[in-house]
Each structure stands twice: as structure tokens, then as C-alpha cells.
Amino acid sequence: MSMADTLVVLDFETTGLSPDLGDRAIEIGAVRIERGNVVDQFQKLMNPGCSVSPFIEEYTGISNLMLKESAPSDEVMAEFAEFVGDSNMLAHNASFDKRFLDAELERISLNYTGEFLCSLLASRRIFQNAPNHKLATLVDFVNIPSDGSFHRALYDSVMTVQVWNALLATIRDQYGVNDIPFALIQRLNKTPKKSVHRFLTNVRDQ
DNA sequence: TGCCAGGCCCTCTTTAGGGCCTT
């Protein structure tokens, strides 16, 4: 699988941090990219059948009234499973979104076959001089224009694409690595930070 | 009842602790 192939970049808004403690997805946003270009998108609020806390209403701008008027989770997640197909996926702090994807799809007995990449892990390796690795900080760090509408699923997934393209451009520009397959980023994200320079230099010289 | 995340990453580490990220 190469970066030239399709990749679905996704982001969940949720009622909290842990599906194991009963937290649920309330919005999913995703874009399909090919060669770094957005070619399709998906955005849906979903009604989890429970109310969200005032903190989450404030944090996301998603109100209980909005969710009450939204399609149920099982319906939206089934549509999303169709959208993803067998594509690989990317998310900022992917372990978080993967946990919710797994939990929500398990509720409706659906599966997926793609694998996840994490832009947070890649950023910690490539942008080692960034002040921190929050999505909003990275958007600023790589000089991407933003209207600041973070914490909505589609907006964050689009911003993740922008950061992702900047990460790939940095790998190309700093190391002369022009072909960046999915598996290369998987190996990069398992490489200790101190060894990243040597790792990418070796890739270039192979 | 009241408590409860999970995984990565660093360091004064590995018989551990705490900050960073995601909502």
C-alpha cells in the first residue's frame, strides 16, 4: 500500500475519553485523500441515545438538542463503514479514534480491514522542535491558515490532512525520500525519536 | 458506592512515575 493509494482521514467527537467506561461517539468526520488531495468527504452527527455533559457541549459546540435531531448511531456508523470500505486510515492520536471505531462498529456487528496510521506519533518524530503536538498547535507550526473551528469532526480531519501533507513534504525535503509507502510510516512510528534521522537517512540511501 | 482511559515517551527507569495527546 502506497501513499498514492486512498487513505481515509477521520476524527470522532465523543461524550468522553473512554468507550470502555461507556463513552459514545457523537460525530464522525472523514475525508478520503489520494496523493494528498481530498477526493471525498463524510460528516454526520449521531444520536447515541444518551445525553452529553455541559463540558462536551461547550468543548465541541454539539448540543443535546442537535443530537436529539440526528440519526441514530447504528445507522450513521453503518454508512461510515461503507464509506471506509477496505481503506487504510489516519487520525491524530489514532489510538483514540480506533478505540471508538472498534466500539461503535462492534455494537452493530460490523468490521473493517484497514490499518491505522497516527499523525501524532509521526509528528513527534518529524517535528521534534514543535512547541507541542496538539493538532491546533501543529496547524499553526506548519503555517496552515485556520479559522480556529477545532473540535468538530470534519474540520479536525481536514486539518489533520494539512498537517499530514506537511509531514510528508518535510520527509521529502529534508531526507530526499520521495516514495513514502504506508509501511514506511508504520516503521517510522515505531522508531525511537533519537534514531529517526538515521532511519530516514538509511531509507534514502537504500 | 465510588472509583475508573490507554498508549506513548522520557527519566533521577525496568521492583516507577508523570507528562502528553485524544473527548
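Just so we're on the same page: letters track the sequence lines, and every chain starts at 1.
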Below the 4.0 Å mark, does B:dC9 have OP1 or OP2 next to a side-chain nitrogen or oxygen of A:R125? yes
Between A:H92 and B:dC21, does any side-chain N or O lie under 4.0 Å from OP1 or OP2? no
Between [M] and [N] - [atom1] atom distance, rounded Å:
N: B:dC9; M: B:dT13; atom1: C1'; value: 12 Å
N: B:dC12; M: B:dG7; atom1: C1'; value: 23 Å
N: B:dA5; M: B:dT23; atom1: C1'; value: 11 Å
N: B:dG18; M: B:dT14; atom1: C1'; value: 16 Å

[X] has an atom [atom1]; how far is it from atom [atom2] of [N], in whole Å?
X: A:D20; N: B:dT23; atom1: CG; atom2: P; result: 18 Å
X: A:R124; N: B:dC8; atom1: CZ; atom2: P; result: 10 Å
X: A:N93; N: B:dC8; atom1: CG; atom2: P; result: 10 Å
X: A:E104; N: B:dT23; atom1: CD; atom2: P; result: 15 Å

Measure the shortest side-chain to side-chain distance between A:W164 and A:H92 over non-hydrogen atoms and say whether it is less than 4.5 angstrom. no
Side-chain touch A:Y175/A:H197, heavy atoms, less than 4.5 angstrom: yes
Which residue lies toward the 5' end of DNA chain B, A:Y59 or A:L21, if each is placed at its nearest nucleotide? A:L21
Does [X] reach a base, just sugar-phosphate, or nothing at all? Heavy atoms under 4.0 Å.
X: A:N132; result: sugar-phosphate
X: A:F100; result: nothing
X: A:T15; result: nothing
X: A:D97; result: nothing

Cationic N near anionic O, under 4.0 Å, A:E27 to A:R152: yes
Closest to the A:L121 side chain, choosing from B:dG7, B:dT23, B:dC8: B:dC8
Closest to side chain of A:R99, choosing from B:dT22, B:dT23, B:dC10: B:dT22
Between the side chains of A:T15 and A:R24, does any donor sit under 3.5 Å from an acceptor? no
Kindly compute the distance separating CG (A:N178) from CD1 (A:I171), expressed to the nearest 0.5 Å. 11.5 Å
